[in-house]
Amino acid sequence: MAADGGDELLGSWKEGATKAAIRDFVARVTTDGSPEFLAPEERVAVFDNDGTLWCEKPMPIELGFILQRLAAMAEQDPSLRDRQPWKAAHTRDYGWLGEVITKHYHGDDSDVKVLLGGILQAFAGMDVEDYQAAAHAFLHQGRHPTLGRTFRDCGYRPMAELLGYLEANGFTNYIASGGDRDFMRPVTQAIYGIPSHQVIGSSNALRYEPDEHGGSVVYLAEPDVFDDGPIKPVRIWSRIGRRPVLAAGNSNGDVPMLQFAGGPSRPGLRLLVLHDDPEREFDYVAGAERALEEAEARGWTVVSVRHDWATVFDEPAAPGGT
């Protein structure tokens with residue numbers, strides 16, 4: 001017998017090949033007696049965040065938070081205003097920041113290194129709990145520049161439903177993102193139902209500083225890990241200790257994670273979100289060209305925002321919500 005997870009949990013997904021592929025895979029791995037049956041502890045699913053679980057245009061939401069911090073630094077120190085990334089933050093050059101990510105997915109990390117250098121300086125010495133409080137406030141108060149909703153409300157409703165559907169069928173969901181782990185953690189439970197300890201992401205180095213109040217953990221001006229590309233499978237294994245059987249992403253940086261799902265002896269479902277709906281969200285393939293080629297060559301399931309989702313975003317949360 002399959003685990004109890006009804007189709008009503010996928011209400012924002014249109015009927016079609018994509019929804020059928022999801023239901024078929026879940027049925028095969030959860031039905032007793034199926035040759036592909038997996039015990040619940042083996043039902044591990046991993047999801048990218050930016051562009052997969054929530055909107056990433058005109059630039060990833062996290063970059064807006066970083067821009068705010070860098071702009072404040074440039075206000076205090078005018079000498080920074082002619083240096084990147086403070087220059088882009090001071091002039092609100094969203095194009096430069098967005099292009100940094102696109103260039104990264106095309107294999108050019110020259111500007112990523114510049115941006116990461118600024119990020120390391122921006123948050124060095126900050127207490128991790130103060131950082132999370134600032135991130136929480138930004139996500140609930142900041143507004144998307146074109147969608148007219150708070151950043152907190154930019155999560156994709158169909159993907160949140162998919163997470164709930166998988167959980168109802170005995171899966172454990174993890175986020176494996178190139179975004180900052182501690183930026184995502186304040187809202188993943190509220191938006192996706194994923195607790196903070198199931199969030200894998202990029203991070204700065206940390207240090208414990210003792211004091212009479214129990215001490216604190218602070219960020220150093222040193223990198224720890226950039227969780228993207230071939231680093232994703234490594235981090236997934238180091239954190240979970242299992243190979244996932246379902247993976248979802250949207251960019252070239254997710255290809256290794258999608259390849260890693262399933263493996264040679266177990267079933268696997270690989271989902272690639274295609275942004276092709278300029279009316280309800282955005283229309284772009286920049287940074288996903290290789291992923292789309294891999295999807296076609298390997299038979300991965302491409303999720304079309306336009307054709308597979310009846311609704312893109314949920315209703316905005318009530319003021320004061322978590």
Side-chain angles (χ1 to χ4, degrees), residues 10 12-25 45-61 63 95 97-109 111-112 154-159 162-163 166 175-179 226-233 236 243-263 267-313:
L10 297 177
S12 293
W13 290 77
K14 296 180 182 178
E15 294 298 330
T18 299
K19 185 175 181 178
I22 293 170
R23 290 185 300 199
D24 175 68
F25 175 78
V46 292
F47 290 78
D48 173 57
N49 189 47
D50 293 317
T52 301
L53 295 180
W54 70 10
C55 182
E56 67 174 354
K57 292 295 182 180
M59 63 180 181
I61 293 172
L63 283 185
L97 290 163
E99 187 63 20
V100 168
I101 304 302
T102 299
K103 288 173 67 176
H104 163 68
Y105 288 140
H106 287 154
D108 181 355
D109 282 342
D111 285 343
V112 165
C154 287
Y156 300 132
R157 179 174 177 178
M159 296 304 285
L162 175 58
L163 291 167
L166 293 173
I175 292 176
S177 174
F226 184 31
D227 187 40
D228 198 50
I231 301 300
K232 282 196 174 188
I236 288 167
R243 183 190 289 261
V245 295
L246 186 153
N250 78 299
S251 73
N252 296 338
D254 297 317
V255 168
M257 178 179 73
L258 293 165
Q259 292 173 336
F260 188 55
L269 179 65
R270 302 155 192 90
L271 304 175
L272 184 70
V273 177
L274 172 63
H275 296 272
D276 57 356
D277 194 330
E279 295 183 0
R280 298 186 300 173
E281 201 237 5
F282 294 95
D283 186 358
Y284 62 96
V285 296
E289 300 91 343
R290 187 165 68 88
L292 288 166
E293 291 174 359
E294 287 283 310
E296 182 176 3
R298 296 174 180 266
W300 296 348
T301 301
V302 175
V303 178
S304 165
V305 172
R306 174 184 292 181
H307 299 294
D308 291 321
W309 292 355
T311 300
V312 176
F313 300 107

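Start at 1 with the first residue, then count along the sequence.
- Using a 4.0 Å cut-off between charged side-chain N and carboxylate O, Asp254 and Lys232 make a salt bridge.
- Summarising the geometry, atom CG belonging to Asp50 is positioned 10.0 Å from atom CD1 belonging to Ile175; distances are rounded to the nearest 0.5 Å.
- Take Trp13 and apply the side chain to side chain donor-acceptor pair (under 3.5 Å) test, not counting sequence neighbours, and it matches no residue.
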*Check the pair Val312 / Tyr156 against side chain to side chain contact (heavy atoms under 4.5 Å, CB included), numbers first and verdict last.*
CA-CA 5 Å; Val312 176; Tyr156 300 132; 3.9 Å; yes

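- Counting only heavy atoms from C-beta outward, the side chains of Asp308 and Pro158 never approach each other to under 4.5 Å.
- Considering every non-hydrogen atom in both His104 and Val112, the closest pair reads CB-CG2, 3.5 Å.
- Side-chain contact between Arg23 and Leu10 is present, with at least one heavy-atom pair separated by less than 4.5 Å.
- Classification of Glu15 and Lys19 as a salt-bridged pair holds, one side-chain N sitting under 4.0 Å from a carboxylate O.
- Screening Phe282, Tyr284, Trp309 for a ring-ring contact (aromatic ring centres under 6.0 Å, His included) involving His275 leaves a single residue, Tyr284.
- Judged by distance alone, the side chain of Asp276 and the main-chain N or O of Ser304 form no donor-acceptor pair under 3.5 Å.
- Proximity of a side-chain donor or acceptor of Arg270 to a complementary backbone N or O of Leu258 within less than 3.5 Å is detected.
- Side-chain contact between Leu271 and Leu162: present, with at least one pair of heavy atoms (C-beta onward) separated by less than 4.5 Å.
- Proximity of a side-chain donor or acceptor of Asp48 to a complementary backbone N or O of Ala248 within less than 3.5 Å is not detected.
- To the nearest 0.5 angstrom, Leu272 atom CG is 13.0 Å from Arg298 atom CZ.
- Among all heavy-atom pairs drawn from Leu166 and Ala45, the shortest one is CD1-CB, 4.1 Å.
- For the pair Arg243 and Pro233, the minimum side-chain heavy-atom distance is 4.5 Å or more.
- Contact detail for Asp227 and Ala176: the closest heavy-atom pair is OD2-C, 3.8 Å.
- Under the side chain to side chain donor-acceptor pair (under 3.5 Å) criterion, Arg280 pairs with Asp277, sequence neighbours left out.
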*Hey, mind stepping through Val273 and Phe47 against side chain to side chain contact (heavy atoms under 4.5 Å, CB included) and telling me if it holds?*
CA-CA 11 Å; Val273 177; Phe47 290 78; over 6 Å; no

_CA sep, side-chain torsions, deciding dist, call: Asp111, Glu99, side chain to side chain contact (heavy atoms under 4.5 Å, CB included)_ = CA-CA 9 Å; Asp111 285 343; Glu99 187 63 20; 5.9 Å; no

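- In this model, a donor atom of one side chain and an acceptor atom of the other lie less than 3.5 Å apart for Ser12 and Arg157.
- Going from atom CD1 of Ile22 over to atom CG of Leu246 covers 8.0 Å, rounded to the nearest 0.5 Å.
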*Begin from the C-alpha positions of Glu56 and Asn250 and carry the test side chain to side chain contact (heavy atoms under 4.5 Å, CB included) through to its verdict.*
CA-CA 10 Å; Glu56 67 174 354; Asn250 78 299; 2.9 Å; yes

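- Nearest heavy atom pair, residue Pro256 against residue Pro230, reads CG-N, 3.6 Å.
- The distance from the CD atom of Glu281 to the CZ atom of Arg306 is 12.0 Å, given to the nearest 0.5 Å.
- For the pair Ala247 and Ala261, the tightest heavy-atom approach, listed with the atom from each and the gap, is CB-CB, 3.8 Å.
- Residues Glu289 and Asn252 form a side-chain contact, since some pair of their non-hydrogen atoms from C-beta on lies under 4.5 Å apart.
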